[in-house]
Each structure stands twice: as structure tokens, then as C-alpha cells.
Amino acid sequence: MASYAPQISSRRTFAIISHPDAGKTTLTEKLLLYTGTIQSAGSVKGKQNSRHAVSDWMDIEKQRGISVTSSVLQFTYGGCCVNILDTPGHQDFSEDTYRTLMAADAAVMVIDGAKGVEAQTKKLFRVCAMRGIPIFTFVNKMDRETRDPFDLMEEVENVLGIRTYPMNWPIGNGRDFRGVFDRASRKVLAFEGDGRANGTKKVDEVEATLGDAALSELIGEHNHNNLMDDIELLDGADSEFDLDAVLTGKLSPVFFGSALTNFGVEPFLKDFLRLAPGPGAHTDALTGEPVEPTREDFSGFVFKIQANMDKNHRDRIAFVRICSGKFERGMEAMHVQGGRKIKLATGTTMMADDRAIVDEAYAGDIVGLFDPGIFSIGDTICTGKKPVQFAGIPTFAPELFARVTQVDTLKRKQFVKGMEQLAQEGAIQIFRELGAGMESVIVGVVGTLQFEVLEQRLKSEYHVEVRRQPLPYTDIRWIVNEPGTIDIPALSLTRDTLRVEDMRGGKLLLFTSPWNIDWATDHNKDLVLSEFGNVEF
């Protein structure tokens with residue numbers, strides 16, 4: 001066990017979250033650039049011949065310049081082995097982001113310096129706050145006209161309810177942006193770009209001391225005077241940096257910079273790796289006891305399933321967060337939910353759709369396991385005489401519903417396979433009316449764009465074209481009564497309430513309004529409904 005400790009303590013596993021278009025994926029790329037993982041960074045909104053982002057692999061991501069799936073990226077830097085979970089930025093894919101945050105030990109929250117805290121930022125922050133994980137804030141796009149930094153920090157504190165501590169301070173903004181002042185070293189880091197709108201190479205850092213005459217020449221006398229005033233104000237504030245408060249999610253270190261032009265990216269990375277925690281303990285749902293990462297026995301849970309990342313092989317990959325011990329390729333482990341032992345024949349690490357075979361990995365790492373169709377999201381894998389089981393991952397209730405049927409009835413087999421696999425990934429939720437088959441299914445999603453991704457993936461990966469008919473349902477509830485204790489067909493419901501079941505036979509009700517939900521509970525006293533369910537198929 002002692003031999004695992006150094007490897008595990010060097011792990012840093014974090015998710016990057018933001019509102020759409022705040023620059024999350026661009027920041028991810030620049031982190032990879034500074035670590036030498038890639039030699040040239042593509043921007044998701046690049047011009048002319050700029051490539052699409054490395055972490056985006058789906059065709060729709062490359063076409064639209066958005067991330068709609070969680071990417072897993074690994075690199076080493078400064079003695080740390082870093083696992084980045086680049087989450088979907090689009091609000092329609094918040095459920096995928098939620099599941100990904102369950103696998104992270106910390107989060108980096110990217111905020112647009114001009115727009116401040118936006119709707120999706122609030123949503124994702126709440127998930128992080130529920131888990132109590134550390135949250136680091138990167139205020140992005142300082143190369144554009146932005147709001148006052150003091151106002152931005154005040155908004156973060158008021159809207160999100162977390163205290164802030166600026167680790168550096170911006171010098172100007174927009175065209176007048178000259179760099180940042182690092183509060184720990186008391187040095188000014190002045191940056192010069194490569195003369196292009198989208199910085200694809202590393203930038204040089206020039207250090208200078210506050211108050212030096214040479215600094216006025218470097219950043220301009222006006223900027224120098226403003227900077228001294230701001231720093232004096234910050235230093236005079238009562239708040240001090242408290243690492244314990246950071247690690248419990250009560251204080252957010254704030255960094256200012258520009259991911260697009262590379263300003264402030266490397267200083268942020270160095271400080272983040274110094275302050276962020278290593279892998280923490282996860283709770284065994286069977287005993288309520290913590291499972292320490294240095295525990296000798298291997299354990300982990302599936303937080304994401306992705307089909308057809310390799311178009312040539314039509315494979316399925318189950319992404320596993322290792323919670324304790326060491327993974328070794330070819331090892332035998334217990335699939336707890338399946339109740340049987342399986343051989344973990346192939347482990348992979350990911351760089352979008354590029355992959356490499358991994359022979360060993362440790363607590364904190366993310367590995368992709370070949371999935372022959374046995375894994376579900378939330379499943380636990382472990383070794384040892386005494387099995388552990390981690391809590392399941394709850395699912396969001398869908399907000400939009402549509403009936404989906406295949407155009408060509410001769411392709412029923414491909415249609416069923418495609419729908420089932422995409423549902424197992426968690427990309428969509430599928431239901432069918434009680435007693436009905438798979439000729440026509442009801443699809444539930446969080447946002448409209450998920451329907452478009454569903455149709456495109458069915459067409460490109462399964463060669464199936466479908467028709468989509470919007471349905472009027474707005475609310476869904478899981479029936480959580482014990483099976484056999486309630487007669488679902490005999491329930492007293494409004495005419496427009498629909499009885500459905502999921503892929504594992506779980507029973508649910510679809511409603512067109514909250515009033516109909518109240519009717520169901522008022523007229524069926526023994527009926528127990530829940531807004532949440534587990535992702536099981």
C-alpha cells in the first residue's frame with residue numbers, strides 16, 4: 001500500500017465548468033499547450049485555417065464550435081499527473097456535466113470578464129457546492145473590454161455565495177491589457193502576444209517590481225498608478241488567504257487572464273496544481289465508511305459511457321474514476337451491480353478520440369474500459385474480499401419529450417440498437433408506453449440540441465433516419481412504490497397523463513402540467529412519486 005502513496009498524491013483530477021462561450025474549452029487547450037501535450041492549439045471559434053479544439057471529437061462539435069460531450073484529457077506537469085474533465089458548455093447537456101462533476105476532486109469555473117456570472121455558471125456551481133469540492137475561478141477574456149474586477153468579485157460572492165481571494169490582479173483590459181500582478185511574488189508578469197488574434201504558441205513572461213520606474217515604461221504610467229492603488233486596496237482588506245477554506249469549497253481563489261491570447265494561463269496552472277487537493281475518500285454506500293484512495297484494494301465507479309468514439313470499430317467505452325488502489329491491465333475485478341467477476345482486459349487514456357493503452361493507473365485517474373454492454377452509469381468495480389459499492393448517480397428529470405420512429409421500417413434492428421446505446425450513455429432517456437415495443441419510443445432530453453445530436457448520431461453511426469414528433473409533456477415522475485404493491489393501469493389520472501416504462505422496466509408517469517401531478521397524488525393516496533431516478537438501463 002505504501003508504494004501507491006506517491007503516485008496517488010501526485011494526482012490532480014478536476015473539471016472545467018462555465019456558461020457557454022466563456023472560453024472553457026479554449027482554456028483547456030492552452031493548458032495542454034503549456035504542458036507540451038500539444039504543440040499548437042486550435043480555437044473552438046478560430047478563424048481561417050484554425051483547427052477545431054483537441055478535446056472536441058464529434059462532428060457536431062467541430063462544425064458548431066461547442067462541446068456537447070465530456071472529454072477526458074491527461075497530462076503531466078510539474079511532477080503532477082493531471083486529469084482534466086472538459087465538460088459540455090451548452091446548457092442542453094447539463095446532465096452530462098453533473099455526472100462528470102461526481103468524478104472530479106476540484107472544479108475550475110471559467111467566467112467571461114464582460115458578462116460575469118451567467119445562468120449556467122450558477123447551475124453548475126450549485127452542483128459543486130453540494131459536493132463541497134474546491135472551486136477555482138478563472139476570469140477570462142481580459143484582452144477584451146471587461147467589467148471592473150472588483151465588481152466581478154463582488155458578483156461572484158453575492159450570486160454564488162462563496163468568498164473570493166484574487167491570486168493575481170489584471171493590468172488594464174481590452175486593447176490596454178498589459179498583464180497581471182502576482183500577489184504572492186509581488187511581481188508584475190507582463191505579456192506580449194504573438195501578434196495574432198488567436199495565440200497558438202506559448203507567450204513570454206517579463207517580470208517587473210511594483211513601484212519601479214522601469215515598470216511605467218513597460219505597462220504605461222497610468223496603468224502603473226492604477227495598479228498601485230488597486231493593490232493597496234486589496235492588501236488593506238481584512239480577508240487573508242485560507243487554504244483550508246479553499247479545500248472545503250468556502251473560498252475561491254480568483255485568477256485573471258486571457259485563454260485565447262495565453263495571458264495568465266501558465267501562472268494559473270502552477271498555482272492551481274500547488275493548491276488543488278489530491279484524490280479524496282469516497283463513501284461506501286453499503287457501510288457508510290470512507291474508502292481511502294490509498295486502500296490497497298482497487299475500486300472505482302462508472303460515471304460516463306460513450307459509444308462509437310472509434311468509427312472504425314463501433315466500440316463502447318465506460319469511463320471509470322478510480323477511487324482507491326491501483327488498476328492493472330488484465331486484472332480481475334468484481335462488477336458489483338452485475339454480481340460477477342470480470343476481466344479488465346483493456347484500459348485506455350483519452351485525448352478526445354485519440355487513445356493510448358494504459359497498463360496501470362492509480363486512484364484519481366480516469367480510465368476507459370471496453371464495455372461489451374454490461375456497464376451502466378453509476379456501477380462500481382472493485383477487488384478484495386469485502387466488496388464496496390459507491391452511491392448511484394441520480395439523473396435529471398427531462399424537460400422536453402418527443403416520439404421518435406424510424407423512417408425505414410427495415411432498419412428496426414439498427415434503430416433499437418442505436419437508441420439503447422445512446423440511452424445507456426446517458427445522452428438521452430428513452431421510454432415506451434406500457435406494453436408497447438420499440439417501434440416507437442418516447443425520448444426525454446434536457447435541451448433541444450440533444451434531439452439534434454440524437455438524430456445526427458443515429459444517421460452517422462447507425463445509418464438510421466428518424467422522424468421526431470414533439471409531445472406536450474413537461475414533467476416526469478418516477479413511481480417508487482415497491483413492485484406489485486400498486487396497480488398502475490388502474491391509477492386515477494387525468495386523460496392527458498401517460499403511463500410509461502424505462503429500459504429496465506421502471507414505471508413512470510408523464511404529465512402536461514404540475515396541476516396534473518397534484519391530481520395524481522390527491523386521487524391515489526398510496527402512490528409515491530419522485531422527481532429523481534438513477535441512471536440504470
Side-chain angles (χ1 to χ4, degrees), residues 94-96 98-99 102 285 301-305 307 316 318 335-339 371 373-380 389-404 415-446 450 454 471 473-494 496-512 514 516-517 519-521 523-537:
S94 50
E95 186 170 0
D96 196 23
Y98 177 83
R99 289 193 294 264
M102 303 297 286
F301 64 88
V302 177
F303 69 93
K304 175 181 173 64
I305 295 174
R316 261 168 57 109
H335 176 214
V336 176
Q337 280 76 6
D371 178 17
I374 63 173
F375 293 124
S376 294
I377 291 170
D379 282 4
T380 299
Q389 182 173 331
F390 300 111
I393 301 175
T395 179
F396 282 136
E399 298 172 11
L400 300 172
F401 299 88
R403 190 178 299 278
V404 176
F415 172 73
V416 172
K417 181 180 180 182
M419 295 298 291
E420 289 180 345
Q421 289 194 346
L422 292 176
Q424 285 170 329
E425 287 181 23
I428 57 170
Q429 295 181 51
I430 60 175
F431 314 97
R432 55 191 171 200
E433 295 183 49
L434 293 185
M438 286 288 291
E439 295 79 12
S440 170
V441 297
I442 295 171
V443 175
V445 298
V446 175
Q450 285 178 278
L454 167 67
L471 296 173
Y473 305 108
T474 57
D475 296 274
I476 187 170
R477 292 293 184 271
W478 280 261
I479 298 175
V480 294
N481 299 74
E482 287 294 325
T485 62
I486 194 164
D487 186 353
I488 295 175
L491 288 173
S492 176
L493 304 170
T494 56
D496 53 358
T497 298
L498 189 65
R499 300 165 176 83
V500 297
E501 61 183 349
D502 60 22
M503 299 307 294
R504 288 281 298 269
K507 303 302 187 285
L508 308 94
L509 299 174
L510 294 181
F511 301 96
T512 57
N516 290 337
I517 301 175
W519 172 280
T521 53
H523 290 75
N524 302 275
K525 297 302 182 183
D526 295 329
L527 179 64
V528 183
L529 302 177
S530 171
E531 291 185 47
F532 302 97
N534 284 330
V535 182
E536 295 181 348
F537 301 94

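None of the values given here were measured: they were computed from a predicted structure.
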Point-to-point distance, once rounded to the nearest 0.5 Å, from [atom1] of [X] to [atom2] of [Y]:
X: Q421; Y: D371; atom1: CD; atom2: CG; value: 9.0 Å
X: Y473; Y: R403; atom1: OH; atom2: CZ; value: 7.0 Å
X: M102; Y: K304; atom1: CE; atom2: NZ; value: 15.5 Å
X: L422; Y: Q429; atom1: CG; atom2: CD; value: 13.0 Å

Over all heavy atoms of both residues, which pair between [X] and [Y] is shortest? Give the atoms and the distance, please.
X: F415; Y: V404; answer: CZ-O, 3.7 Å
X: V302; Y: A318; answer: CG1-CB, 4.2 Å
X: L471; Y: A402; answer: CD1-C, 3.8 Å
X: F401; Y: I476; answer: CZ-CB, 3.9 Å
X: V480; Y: S530; answer: CG1-CB, 3.7 Å

- Query: Where do L527 and I479 land on the side chain to side chain contact (heavy atoms under 4.5 Å, CB included) test, with the steps shown first?
  - Reply: CA-CA 7 Å; L527 179 64; I479 298 175; 4.0 Å; yes
Is the backbone N or O of [Y] less than 3.5 Å from a side-chain atom of [X], with the two atoms forming a donor-acceptor pair by type?
X: N481; Y: D526; result: yes
X: Q337; Y: T380; result: yes
X: N524; Y: L491; result: no
X: D502; Y: F431; result: no

- Audit row: I442, L510, side chain to side chain contact (heavy atoms under 4.5 Å, CB included) steps and yes/no: CA-CA 10 Å; I442 295 171; L510 294 181; 4.2 Å; yes
- Is D487 atom CG crowded by more than 12 heavy atoms from other residues, nucleotides or ligands, each under 6.0 Å away? yes
Under a 4.5 Å cut-off applied to non-hydrogen side-chain atoms, are [X] and [Y] in contact?
X: V443; Y: L454; value: yes
X: F375; Y: H335; value: yes
X: V336; Y: D379; value: no
X: L498; Y: L509; value: no

- Task: Indicate the ring-plane relationship of W519 and H523, choosing parallel, tilted or perpendicular according to the 30° and 60° boundaries.
- Result: parallel
- Ion pair present between E433 and R499, side-chain N to carboxylate O less than 4.0 angstrom? no
- Would you kindly say whether T512 and N516 are connected by a side-chain donor-acceptor distance under 3.5 Å? yes
- Could you go step by step and tell me if I517 and R477 meet the side chain to side chain contact (heavy atoms under 4.5 Å, CB included) rule? CA-CA 8 Å; I517 301 175; R477 292 293 184 271; 3.5 Å; yes
